[in-house]
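The sequence lines fix the lettering, A, B, ..., with proteins before strands; numbering per chain opens at 1. Scope of the values below: all heavy atoms of this structure, side chains included, with no hydrogens, waters or symmetry mates.
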Number of protein chains: 2
Amino acid sequence: MAPRKAPATSAVRLAAETWESLFRAQVAVMRRLQSGPAFRNLAVNEYDVLFTLSRCPSGWLRLNELNDNVLLSQSSLSRLVDRLEKRGLVARMPAPDDGRGVLLKLTEEGAALQKEIGREHVRDIAELVAPALTAAEQRELLRLTEKLRASLPSR
Amino acid sequence: MAPRKAPATSAVRLAAETWESLFRAQVAVMRRLQSGPAFRNLAVNEYDVLFTLSRCPSGWLRLNELNDNVLLSQSSLSRLVDRLEKRGLVARMPAPDDGRGVLLKLTEEGAALQKEIGREHVRDIAELVAPALTAAEQRELLRLTEKLRASLPSR
DNA sequence: GGGCAGTACATGCAAATGCATGTAAATCGG
DNA sequence: CCGATTTACATGCATTTGCATGTACTGCCC
């Protein structure tokens, strides 16, 4: 029997090339976004925390849930939140149902800053993405990246 | 005349949601990749430099070209390359045609390490991406991310 | 060709990050 | 219900990163 290895290796290659392209696109877009004036006062990761909190329905979010969203180690996130707290942008509170946990929410000032930066940020994104892809292509890219993310093993 | 603002704002929203989804997918995949055993000896950014050099046809690459590929400041890349050089993985050489420039290439040891890590890395990628998307979906995602990257303003 | 702005890379230094570990609380096994 | 393991977060410390700046070279304009 011939090994017939080609299909398997080409499937692996396709996956690798797809990831590589996704990753390079992310790097290229992110580089342009973070060098813009929207982030003169706040690092991208810091903004991302404010943004995630602003999307949270209850207003409060556990630190470990936040950590899933951000590409930072647990300890780095802990200190990033320290900084945001010292700047008066977020508030900490011990989790009521779990003595180990910490809940976070935006302060009024934090919410205001998020909205202000968010407006600029969204505009910057649109200036990069909208000319590059048609609306239909954007919807498809959105669908595929959501599917990819949703299909990942939980940990 | 009615302002008819809705189409514009929804185009902006679509672009923002598309980018958000792409970014989160990248974070989720990257988190899983970088915590794997492939990167026990080398940070992802360091591997990325070796990888980029391994793809370079001439074998030599300018530092500033390398910097376009990697999400690092110029100074951080300079020092990252210092570290790789001290570990004997890359070699520096003054650019012959430009007295300010520096050319880089992999050493034999660097090329070997890149191949070794690359094998594991590609396997890890395939284990995450292949089950998540069909081959056709991967090809489409590859196409869209390539198009996005290619359409960005040069700087 | 001589000055002058711009580019490529290196380096001092403060800030951010990750690893290892510490502490406290929850959960599990008996 | 008690000890052992696991989970959530914080912290000491070494490493990495970015900003500002320095140095050397290039290219431009006159």
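A donor and an acceptor atom, one from each side chain of A/Thr18 and A/Ser21, are nowhere located under 3.5 Å apart.
A/Asn67 has its CG atom 11 Å from the C1' atom of D/dA8, to the nearest Å. Atom CD in A/Glu46 sits roughly 17 Å away from atom P in D/dT17 (whole-Å rounding). As a whole-Å value, the separation of A/Phe39 CZ from D/dG18 P is 15 Å. In this structure, A/Leu80 atom CG and D/dT11 atom P are separated by 15 Å, rounded to whole Å. One can place CG of A/Leu77 at 14 Å from P of C/dC19, the figure rounded to the nearest angstrom. Atoms CD (A/Glu65) and C1' (D/dC9) sit 14 Å apart, rounded to a whole Å. One can place NZ of B/Lys86 at 12 Å from P of D/dT15, the figure rounded to the nearest angstrom. For A/Arg83 and D/dA10, the CZ to C1' distance is 14 Å, given to the nearest whole Å.
A sub-4.0 Å separation between OP1 or OP2 of C/dT17 and a side-chain N or O of A/Asn45 is present. Side-chain N/O atoms of A/Arg79 include none lying less than 4.0 angstrom from OP1 or OP2 on C/dC19. Between D/dT7 and A/Asn64, no contact under 4.0 Å exists linking OP1 or OP2 to a side-chain N or O. Applying the 4.0 Å criterion to OP1 and OP2 of C/dC9, one finds that B/Ser78 has every side-chain N and O outside that range. OP1 and OP2 of D/dT17 both lie 4.0 Å or more from every side-chain N or O belonging to B/Ser76.
Within 6.0 Å of atom CZ in B/Arg92, more than 12 heavy atoms from other residues, nucleotides or ligands are found, so the atom counts as buried in its surroundings.
From B/Leu72, atom CG reaches atom CZ of B/Arg79 across 11.5 Å, with rounding to the nearest 0.5 Å. Distance check, rounded to the nearest 0.5 Å: CZ of A/Arg87 to OG1 of A/Thr107 gives 11.0 Å.
With salt bridges taken as basic N to acidic carboxylate O contacts below 4.0 Å, one links A/Glu17 and A/Arg13.
Taking the six-membered ring where the residue is Trp, the centroids of B/His121 and B/Phe39 are separated by under 6.0 Å.
Looking at which nucleotide of DNA chain C each of B/Asp82 and A/Leu72 is closest to, the 5′-most match is held by B/Asp82. Nearest-nucleotide assignment on DNA chain D puts the 5′-proximal partner with A/Arg62, out of A/Arg62 and B/Ser75.
A/Arg149 places no side-chain N or O within 3.5 Å of a backbone atom of A/Leu144 that could act as its donor or acceptor partner.
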Assign a letter to each nucleotide of nucleotides 22-27 of chain C from its 5' end: B, base within under 4.0 Å of a protein heavy atom; S, sugar-phosphate only; -, no contact.
--BBS-
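Looking at A/Gln74, its side chain has no donor and acceptor atom pair within 3.5 Å of the base of D/dA8.
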